[in-house]
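As structure tokens, the structure follows; a few thoughts come after it.
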Amino acid sequence: MIDLKRLREDPDRFKAGARDKNIDVDIEHVLRLDERRRQLMTEQEVRRAEQKKISKVVGPQIGRLKGLLKTAEGAARDALETEIRDLESRPVTLKNEIQAFEHEITQITPELDALLLEVPQPPDDDVPRGRSADDNVQIRTWHPDGFDPTRPFEANRGFAPKTHLDLIADLGLVDFQRAVGMSGARHYVLVGDGMRLHQAVLRYAFDRMTNEHGFTPMSVPVIVREECMVGTGFFPAGRDQAYHIEESRRGSGHDLFLTGTGEVGLMGLHQDEILDAETLPRRYATVSTCFRREAGAAGKDTAGLYRIHQFDKVEQVVICRADEAESRAWHAKMIGFVEDLLQSLELPYRLLQCCTGDLGPKNADMVDIECWMPGRGDLDAAGRPTGAYGETHSASRLYDFQCRRLKMRYRDEHGNNVFCHSLNNTVIASPRILIPILEIHQQADGTVTIPPALRPHMGGRERIGG
RNA sequence: GGAGAGGUGGCGGAGCGGUUGAACGCGCCGGUCUCGAAAACCGGUAUGGCCUUCGGGUCAUCGAGGGUUCGAAUCCCUCCCUCUCCGCCA
């Protein structure tokens with residue numbers, strides 16, 4: 001959520017931000033509702049103060065008179081009753097006025113609150129303007145010795161590559177048919193070494209984050225309440241993407257949602273808390289199953305392990321002080337952790353600076369990391385894919401947008417409660433990451449060499465197949 | 001699933017219709033005392049909104065939302081949550 005005060009002070013910045021993000025929200029209307037609400041509240045408060053003042057004087061008097069009434073009789077009783085009625089009637093006008101204001105305020109507030117949740121965080125000034133992912137800007141590339149993605153796979157390795165779909169089929173790593181039978185399109189069953197590799201990658205990535213980079217290992221819920229989805233900024237904009245468990249329709253409890261990333265659980269954890277500043281920055285890592293409806297992606301990436309409804313992901317989040325420089329430094333560090341990881345897996349990748357149009361409502365800045373996947377991209381003359389980068393990671397910098405929604409604060413050195421900054425980044429998401437691992441490390445004989453870093457998690461084995 | 005108990009400030013815990021944003025205790029912060037510390041004593045110690053001449057003023061909040069009332073933490077209704085026991089179960 002954005003800061004309403006800042007919206008009042010500089011509406012043009014927020015209008016431009018929404019425009020740059022291609023998000024349609026009526027900021028003028030927000031300002032009108034806010035203005036009206038503040039007027040009403042001021043008027044109402046003047047009367048409430050008056051009412052309070054009166055009742056502080058009158059209250060004890062009435063109490064005392066009513067006490068006397070219990071024993072009074074005859075004319076004395078009538079006199080007391082008259083006096084009580086007189087005292088009681090004094091604040092009635094005020095009460096009616098207060099109720100009238102209250103009525104109008106309760107009409108405006110839900111509309112204002114709902115609209116406010118839709119105002120996106122403006123992108124940072126150094127984020128390139130652009131309409132869509134096509135306008136993202138490459139920051140840098142990396143590739144291991146012996147595999148240069150600017151040259152065809154065959155030129156690098158001396159044989160024509162199989163796609164991950166071929167490798168999976170030939171090595172018996174995934175059963176799509178039965179999964180689809182059980183759960184529908186975009187589901188899969190990992191089998192044998194497929195499952196082993198999946199687990200190895202997750203465990204390897206998780207251990208690196210927690211053992212080497214000081215992130216606290218966490219397990220968090222993947223089934224959460226709506227507040228958690230709203231608080232972390234995934235709702236209302238991303239409501240279509242989440243699986244919805246309608247428990248309320250069954251008459252028990254409240255509705256729940258399946259989370260699409262471990263970020264929700266890690267950030268939701270401290271909702272409504274004032275964190276001890278000494279404990280910042282908080283660094284958390286989790287491995288969790290992620291659920292995505294992929295609404296609106298019909299027909300896109302329908303084959304294979306690329307776009308699926310359920311996957312597992314190691315996620316890193318950082319909650320730090322509200323300091324832009326610190327926030328930016330963490331962003332760079334978190335991206336560095338991923339680069340180190342991908343380099344240790346010997347996977348070619350590139351960093352993309354996302355443009356404003358690709359940011360999403362909550363980010364001030366986002367950097368995607370894409371791994372080279374030989375089985376993607378345009379087809380050559382022989383009808384074989386020429387390879388392309390595919391998104392495997394996404395690193396977001398949110399300032400206090402998320403923590404403001406979550407009411408996650410810390411007390412600064414002046415004793416003020418300040419909303420924290422938050423950042424999140426994929427560490428590794430599998431099975432999508434299995435695509436480049438299988439495709440890059442495939443051998444001419446159809447086997448796949450396991451990257452040395454993963455071998456300890458694969459029983460010391462060096463290859464799959466053969 | 002059945003039966004009960006309960007949700008009050010950082011924590012424990014009073015209050016159950018009238019100056020109660022809330023006694024008391026603990027914790028925490030500041031001070032006195034001390035060479036220093038402990039103890040003792042004194043003072044302070046919620047969050048958010050709005051207004052502000054930046055001194056402060058004011059309103060809201062006792063799980064949430066409605067209602068009754070001149071007045072609600074206190075009474076009524078609905079919902080949510082937590083705990084205990086029994087049953088079932090990974």
Side-chain angles (χ1 to χ4, degrees), chain A residues 1-9 30-31 33-70 80-110 112-114 116 219 221-231 245-257 268 270-279 289 400 403-420:
Chain A
M1 189 153 60
I2 53 108
D3 184 349
L4 186 53
K5 273 185 203 148
R6 288 176 72 177
L7 181 73
R8 275 179 218 138
E9 286 160 10
V30 173
L31 291 169
L33 290 175
D34 169 52
E35 176 69 31
R36 179 73 185 135
R37 202 175 89 98
R38 272 154 55 220
Q39 278 175 359
L40 292 166
M41 279 174 64
T42 306
E43 291 293 328
Q44 188 196 35
E45 280 178 16
V46 168
R47 285 158 182 80
R48 259 213 244 268
E50 179 68 17
Q51 183 190 43
K52 235 176 155 170
K53 214 191 295 175
I54 291 174
S55 87
K56 271 184 183 169
V57 176
V58 167
Q61 286 177 4
I62 294 174
R64 187 174 52 80
L65 293 175
K66 282 192 173 169
L68 292 174
L69 197 60
K70 283 176 187 158
L80 278 173
E81 282 178 339
T82 307
E83 199 176 344
I84 289 170
R85 261 199 303 281
D86 177 51
L87 286 170
E88 282 181 349
S89 65
R90 281 166 63 182
V92 167
T93 313
L94 282 174
K95 185 197 175 187
N96 290 337
E97 287 175 352
I98 288 165
Q99 276 179 343
F101 285 116
E102 183 66 30
H103 180 70
E104 204 176 338
I105 290 169
T106 50
Q107 285 194 316
I108 287 178
T109 304
L112 178 60
D113 289 349
L116 213 46
S219 143
V222 296
I223 309 171
V224 301
R225 297 163 173 278
E226 185 166 5
E227 298 92 286
C228 212
M229 298 299 279
V230 173
I245 305 170
E246 293 185 286
E247 280 296 293
S248 60
R249 284 180 60 177
R250 304 169 71 178
S252 65
H254 46 83
D255 283 8
L256 292 160
F257 296 85
H270 295 299
Q271 181 154 24
D272 255 315
E273 287 187 40
I274 298 175
L275 300 172
D276 185 346
E278 301 300 308
T279 66
T289 303
D400 64 2
C403 293
R404 185 179 296 278
R405 289 184 174 224
L406 289 166
K407 300 185 182 66
M408 195 191 301
R409 293 152 294 174
Y410 69 94
R411 200 182 302 276
D412 72 7
E413 54 276 18
H414 309 295
N416 297 317
N417 290 324
V418 183
F419 292 109
C420 308

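Hydrogens, waters and symmetry mates are skipped; everything else that's a heavy atom, side chains included, is used.
Closest to the side chain of A:Arg225, out of B:C80, B:C51, B:G49, is B:C80. The side chain of A:Asn417 lies closest to B:G48, out of B:G49, B:G48, B:C51.
Rounded to a whole angstrom, the distance from the P atom of B:G13 to that of B:G6 is 13 Å. Rounded to the nearest Å, the gap between the C1' atom of B:G63 and that of B:G9 is 14 Å. Atom P of B:A46 sits at a distance of 10 Å from the matching atom of B:A22, rounded to the whole Å. Atom name C1', nucleotides B:C16 and B:G7: the rounded distance is 15 Å, in whole Å. Here the separation of B:C24 from B:U34, taken at their P atoms, is 30 Å to the nearest Å. To the nearest whole angstrom, the two C1' atoms, one in B:C89 and one in B:G49, are 48 Å apart. Nucleotides B:G27 and B:C11, compared at atom C1', are 7 Å apart to the nearest Å. Remark: the separation of the P atoms in B:C62 and B:G57 is 23 Å, to the nearest Å.
Judged purely by distance below 3.5 Å, without hydrogens or angles, the side chains of A:Gln51 and A:Arg48 never pair a donor atom with an acceptor atom.
Test A:Leu112, A:Thr106, A:Asp113 against A:Thr109 for side chain to side chain contact (heavy atoms under 4.5 Å, CB included) and you get one pass: A:Asp113. Tested against A:Ile274, the residues A:Arg409, A:Met408, A:Lys407 include a single side chain to side chain contact (heavy atoms under 4.5 Å, CB included) partner, A:Arg409.
Between A:Arg38 and A:Ile274, the residue anchored closer to the 5' end of RNA chain B is A:Ile274, taking for each the nucleotide with the nearest heavy atom.
Atom CD of A:Glu9 is separated from atom C1' of B:C50 by 15 Å (rounded to the nearest Å).
The nucleotide B:A64 finds its pairing partner in B:U78, both defining distances of the Watson-Crick or G-U wobble pair being shorter than 3.5 Å.
Applying the 4.0 Å criterion to OP1 and OP2 of B:U47, one finds that A:Arg411 has a side-chain N or O inside that range.
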Quick test: give all pairs of protein nitrogen or oxygen and nucleotides 66-69 of chain B nitrogen or oxygen below 3.5 Å, distance rounded to 0.1 Å.
none

Return a single string for nucleotides 55-61 of chain B, one symbol per nucleotide in 5' to 3' order, where B is base contact, S is sugar-phosphate-only contact and - is none, cutoff 4.0 angstrom on heavy atoms. ---SSS-
